[in-house]
K.L.:
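Okay, handing you the structure first.
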Amino acid sequence: TFNLTNPGGKSLAMGGAFTAIADDATAAIANPAGLGLLSSIEAGVSGKSSDDVIGLVTARSTATGSLSSAYPPVRGVNSDITASNSGVEFAGVVIPVSRRLVAAVRFAENLRFEGDPGADGYSYIELRDNRSGGSTRRDFLFEYREHGAVSLKNRLLGLSLAYRATDRLRVGAGVTLNRMELDLLGDDGGVHRIVNRTYLTPTLVETLTTSVAIRDLDRSALGFVVGVHADVVPGGRLTAGAVYRQTGKASGTLEIGGDVPSPLVGLENRPFSARVPRDAAVGLATQPFPGLTVAVEAQWIAYGDFIDRPLPVVSYRGLAGPFPGFPVGPLLAELTPPDDVVVPRIGIEYVANTADLLLAFRLGYHREPARGVTADLKASDDSGTTYDVDDPPFSEGVRTVYGGGRPDDRFSGGLGATVSRRVSFDLAFDLGRSSQVLSASLFYRF
């Protein structure tokens with residue numbers, strides 16, 4: 001769950017289609033060139049509250065019948081967990097330095113994820129063998145269960161500058177100092193761990209426990225943002241904007257212990273790097289008639305940037321190939337990071353005004369593409385031919401759990417009010433299949 005929509009109630013209400021507008025203090029992040037639209041000192045703060053449903057899947061299948069019967073197709077059963085977060089997502093001050101140069105300092109939180117499966121953990125593979133060899137019934141279980149929470153945050157401090165190149169063209173850039181926090185937390189039962197239980201017989205259980213931790217994460221990294229904002233048609237009737245953001249990598253070590261899978265012996269401490277995914281956006285905003293603004297935008301996000309390499313921590317054993325199969329394992333799954341995506345965004349705003357009060361009514365939409373990790377598990381025979389591990393069907397189970405996620409259509413809206421041209425309030429909501437978000441912003445112009 002990455003929070004890569006521009007901060008602020010106005011942007012959220014308009015589906016994040018803000019790059020070609022960027023007319024308040026949040027422009028320091030959304031598009032620093034938009035700071036060139038501001039001619040007075042402005043201070044702003046924005047808070048956000050989110051209730052997320054983290055889309056987890058449990059792969060299940062139960063084999064019945066004779067010993068030669070195959071497992072039925074693996075079913076993906078939702079094992080979603082909920083997470084709630086709230087806090088300040090943005091605070092900043094804009095200061096015009098000269099007629100052409102505008103500066104801004106800001107704080108922001110642009111990554112926030114916390115997931116806790118609870119006391120029982122998260123069982124992501126459950127395969128049962130209830131096949132009968134005659135009069136004796138078997139009851140074997142193959143299970144993988146993860147215990148402990150995951151916490152991810154990225155906070156930044158930054159300085160942005162905008163320069164009015166002409167009356168219709170503005171350029172901007174900024175630098176950020178980022179602090180990432182990525183932790184695998186334990187629970188009352190111990191450290192963060194993955195437990196693999198295998199019923200070798202109905203009464204004899206093999207339990208393998210692998211502990212997982214992140215150590216020595218270099219939490220501080222530099223980043224930058226650059227943008228351009230232009231009046232394509234004078235008077236603000238058609239504006240265009242573009243922005244690119246990049247954050248440096250934070251380096252750390254993934255440490256595993258306990259029952260270490262044999263393919264990972266000697267690799268218990270593996271270096272990796274993580275960062276906020278790079279992103280870029282281009283947008284247009286038009287005013288077909290006074291008071292109405294329509295904005296459209298396309299945002300590119302490199303979700304595969306988050307972790308620089310696959311880091312499997314568990315292995316699988318079973319039978320592969322034609323019946324009766326040949327034993328294989330332990331094998332590691334091959335993990336594939338998510339593809340880069342393009343997020344379409346659209347927003348509409350209508351402003352009714354009097355001498356001392358402006359009221360803004362806003363609606364928006366954006367579509368979050370599927371952006372999860374995918375994985376596969378294959379075994380090879382002596383000739384190099386590959387087969388699924390199908391007894392038990394671990395290959396199908398791995399593909400089911402790591403299925404790449406699902407897209408999410410998100411609808412948003414909100415209200416804004418500006419009093420005496422000095423104080424602005426923005427309230428916004430964003431609703432989708434997987435979460436709901438509320439945002440409130442306050443700006444004051446001196």
K.L.:
Tell me the closest heavy-atom pair linking H366 and G15, and the distance in Å.
P.N.:
CB-O, 3.7 Å
K.L.:
Quiz question: by atom type and distance under 3.5 Å, do the side chains of E146 and H192 form a donor-acceptor pair?
P.N.:
yes
K.L.:
Looking at G318 and V389, what are the two nearest heavy atoms and their distance?
P.N.:
CA-CG1, 4.0 Å
K.L.:
Calculate, to the nearest 0.5 Å, the distance between atoms CG and CG belonging to L264 and L254 respectively.
P.N.:
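Those atoms lie 9.5 Å apart.
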K.L.:
Could you tell me which residues satisfy side chain to side chain donor-acceptor pair (under 3.5 Å) with S11, sequence neighbours excluded, listed by chain and number?
P.N.:
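S11 satisfies side chain to side chain donor-acceptor pair (under 3.5 Å) with no residue once adjacent residues are dropped.
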K.L.:
Quick check: do D426 and R362 have side-chain heavy atoms less than 4.5 Å from each other?
P.N.:
yes
K.L.:
For T58 versus S123, what's the shortest heavy-atom pair and its separation?
P.N.:
OG1-O, 2.5 Å
K.L.:
Under 6.0 Å from the CG atom of N78, do we count more than 12 heavy atoms belonging to anything else shown?
P.N.:
yes
K.L.:
Between R445 and S424, is any pair of side-chain heavy atoms under 4.5 Å apart?
P.N.:
yes
K.L.:
Compare all side-chain heavy atoms of I54 with those of T82 and state whether any distance is below 4.5 angstrom.
P.N.:
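Of all side-chain heavy-atom pairs linking T82 with I54, none is under 4.5 Å.
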K.L.:
Within the side chain of D80, is there an N or O that forms a donor-acceptor pair under 3.5 Å with the backbone of L56?
P.N.:
yes
K.L.:
Is a donor on one side and an acceptor on the other found under 3.5 Å between the side chain of R197 and the backbone of E143?
P.N.:
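A pair under 3.5 Å: no.
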K.L.:
Check whether any side-chain N or O of D187 sits under 3.5 Å from a backbone N or O of G189 as a donor-acceptor pair, and report yes or no.
P.N.:
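Yes.
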K.L.:
On the 0 to 90° scale, with breaks at 30° and 60°, tag the Y144-F394 ring pair as parallel, tilted or perpendicular.
P.N.:
perpendicular
K.L.:
Mind checking ring pair (Phe, Tyr, Trp, His ring centres under 6.0 Å) for F272 and listing every partner two or more places apart, or none if nothing turns up?
P.N.:
none
K.L.:
Examine the side chains of D51 and S84 and answer whether a donor and an acceptor come within less than 3.5 Å of each other.
P.N.:
yes
K.L.:
Main chain of S151, side chain of E181: is a donor-acceptor contact present, judged purely on distance under 3.5 Å?
P.N.:
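No; judged by distance alone, with no hydrogens or angles, the pair does not exist.
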K.L.:
Which atom names give the shortest non-hydrogen contact between V328 and A379, and what distance separates them?
P.N.:
CG1-CB, 3.7 Å
K.L.:
Measure from the side-chain N and O atoms of D52 to the backbone N and O of Q436, and report whether any donor-acceptor pair falls under 3.5 Å.
P.N.:
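Answer holds: no.
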K.L.:
Is it true that a side-chain atom of T210 and a backbone atom of D259 form a donor plus acceptor pair closer than 3.5 Å?
P.N.:
yes
K.L.:
Which distance, rounded to the nearest 0.5 Å, do you find between the CZ of R193 and the CG of L208?
P.N.:
14.5 Å
K.L.:
List the residues meeting side-chain contact (heavy atoms from CB on, under 4.5 Å) with P288, not counting sequence neighbours, and say none if there are none.
P.N.:
T286, L292
K.L.:
Once ring pair (Phe, Tyr, Trp, His ring centres under 6.0 Å) is applied, do any residues pair with Y387, and if so which ones, sequence neighbours excluded?
P.N.:
F326
K.L.:
Please check this pair: side chain of S61 against backbone of P72, looking for a donor-acceptor N/O pair closer than 3.5 Å.
P.N.:
yes
K.L.:
Under a 3.5 Å distance rule, please check whether T418 uses its side chain to pair with a backbone N or O of R421 as donor and acceptor.
P.N.:
no
K.L.:
Go through the structure and list residues passing side chain to side chain donor-acceptor pair (under 3.5 Å) with D391, not counting sequence neighbours.
P.N.:
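Applying side chain to side chain donor-acceptor pair (under 3.5 Å) to D391 gives R131.
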K.L.:
So I301 and V343, do their side chains get closer than 4.5 Å, heavy atoms only?
P.N.:
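Side-chain contact under 4.5 Å: yes.
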K.L.:
What pairs meet the ring-ring contact (aromatic ring centres under 6.0 Å, His included) rule with one or both residues in residues 10-55, with sequence neighbours excluded?
P.N.:
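Checked against ring-ring contact (aromatic ring centres under 6.0 Å, His included) - neighbours excluded - no pair reaches residues 10-55.
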K.L.:
Just list the side-chain donor-acceptor pairs under 3.5 Å for residues 21-37, sequence neighbours left out, or say none.
P.N.:
| from | atom 1 | to | atom 2 | distance (Å) |
| --- | --- | --- | --- | --- |
| D23 | OD1 | K10 | NZ | 3.1 |
| D23 | OD2 | K10 | NZ | 2.9 |
| D24 | OD1 | T26 | N | 2.9 |
| D24 | OD1 | T26 | OG1 | 2.5 |
| N31 | OD1 | A33 | N | 3.2 |
| N31 | ND2 | T19 | O | 3.1 |
| N31 | ND2 | V228 | O | 3.1 |

K.L.:
Flag yes if more than 12 heavy atoms outside R75 fall under 6.0 Å of its CZ atom; otherwise flag no.
P.N.:
no
K.L.:
Heavy atoms, side chains only, cut-off 4.5 Å: are L311 and R270 in contact?
P.N.:
yes
K.L.:
Does a side-chain N-to-carboxylate-O contact under 4.0 Å join R215 and E255?
P.N.:
yes
K.L.:
Residues two or more places apart in sequence or in another chain: which of them pass side chain to side chain donor-acceptor pair (under 3.5 Å) with R399?
P.N.:
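Side chain to side chain donor-acceptor pair (under 3.5 Å) check on R399 returns D376, D388.
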K.L.:
Do D408 and S434 have side-chain N/O donor and acceptor atoms under 3.5 Å apart?
P.N.:
yes
K.L.:
Does this structure show an ion pair linking D305 with K249, if we count only N-O contacts that are shorter than 4.0 Å?
P.N.:
no
K.L.:
CD1/I348 to OG1/T293 distance, rounded to the nearest 0.5 angstrom?
P.N.:
10.5 Å
K.L.:
Evaluate side chain to side chain contact (heavy atoms under 4.5 Å, CB included) for L332 paired with V313, printing each intermediate quantity in order.
P.N.:
CA-CA 8 Å; L332 300 176; V313 296; over 6 Å; no
K.L.:
Look only at the side chain of S420 and the backbone of R422, and say whether a donor-acceptor pair between them is shorter than 3.5 Å.
P.N.:
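A pair under 3.5 Å: no.
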K.L.:
Give a yes or no on this: more than 12 heavy atoms of other residues, nucleotides or ligands lie within 6.0 Å of atom CZ of R145.
P.N.:
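Buried by this count: over 12 neighbours within 6.0 Å.
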K.L.:
Distance only, no hydrogens: is a donor on one side chain within 3.5 Å (strictly under) of an acceptor on the other, for S46 and S441?
P.N.:
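Result is yes, a qualifying pair exists.
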K.L.:
Looking just at side-chain N and O atoms, do E109 and N154 make a donor-acceptor pair shorter than 3.5 Å?
P.N.:
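The criterion, which ignores hydrogens and geometry beyond distance, is not satisfied for N154 and E109.
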K.L.:
Between A240 and V232, what is the shortest heavy-atom contact and its length?
P.N.:
CB-CG2, 3.9 Å
K.L.:
Which heavy atom of S439 sits nearest to which heavy atom of G8, and what is that distance?
P.N.:
OG-C, 3.9 Å
K.L.:
Please test T239 against L284 for side chain to side chain contact (heavy atoms under 4.5 Å, CB included), starting from the C-alpha separation and ending with a verdict.
P.N.:
CA-CA 6 Å; T239 58; L284 291 172; over 6 Å; no
K.L.:
Would you say that K48 contacts V437 through its side chain, given a criterion of any heavy-atom pair below 4.5 Å between the two side chains?
P.N.:
yes
K.L.:
Using a 4.5 Å cut-off on heavy atoms from C-beta on, say whether the side chain of E368 contacts that of R410.
P.N.:
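Contact flag for R410/E368 side chains = yes.
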K.L.:
Is a side-chain donor or acceptor of R155 paired with a backbone partner of M180 at a separation under 3.5 angstrom?
P.N.:
no
K.L.:
Which residue pairs pass the ring-ring contact (aromatic ring centres under 6.0 Å, His included) test with at least one member in residues 214-242, sequence neighbours excluded?
P.N.:
F224-Y244
K.L.:
Please name all residues satisfying side-chain contact (heavy atoms from CB on, under 4.5 Å) with S211, sequence neighbours left out, ordered by chain then number.
P.N.:
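side-chain contact (heavy atoms from CB on, under 4.5 Å) check on S211 returns V191.
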K.L.:
Taking only residues at least two apart or on different chains, which pairs with a member in residues 398-429 satisfy ring-ring contact (aromatic ring centres under 6.0 Å, His included)?
P.N.:
Y365-F411
K.L.:
Using side-chain heavy atoms (C-beta onward) and a distance below 4.5 Å, is I194 in contact with Y122?
P.N.:
no
K.L.:
Of all residues at least two apart in sequence or in a different chain, which pass the side chain to side chain donor-acceptor pair (under 3.5 Å) check with S273?
P.N.:
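Applying side chain to side chain donor-acceptor pair (under 3.5 Å) to S273 gives D308.
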K.L.:
Assess whether salt bridge (charged side-chain N to carboxylate O under 4.0 Å, His left out) is satisfied between E114 and K153, documenting all intermediate values.
P.N.:
CA-CA 8 Å; E114 293 182 5; K153 295 180 182 178; 3.6 Å; yes
K.L.:
Looking at R170, R237, R164, which one forms a salt bridge (charged side-chain N to carboxylate O under 4.0 Å, His left out) with D231?
P.N.:
R170
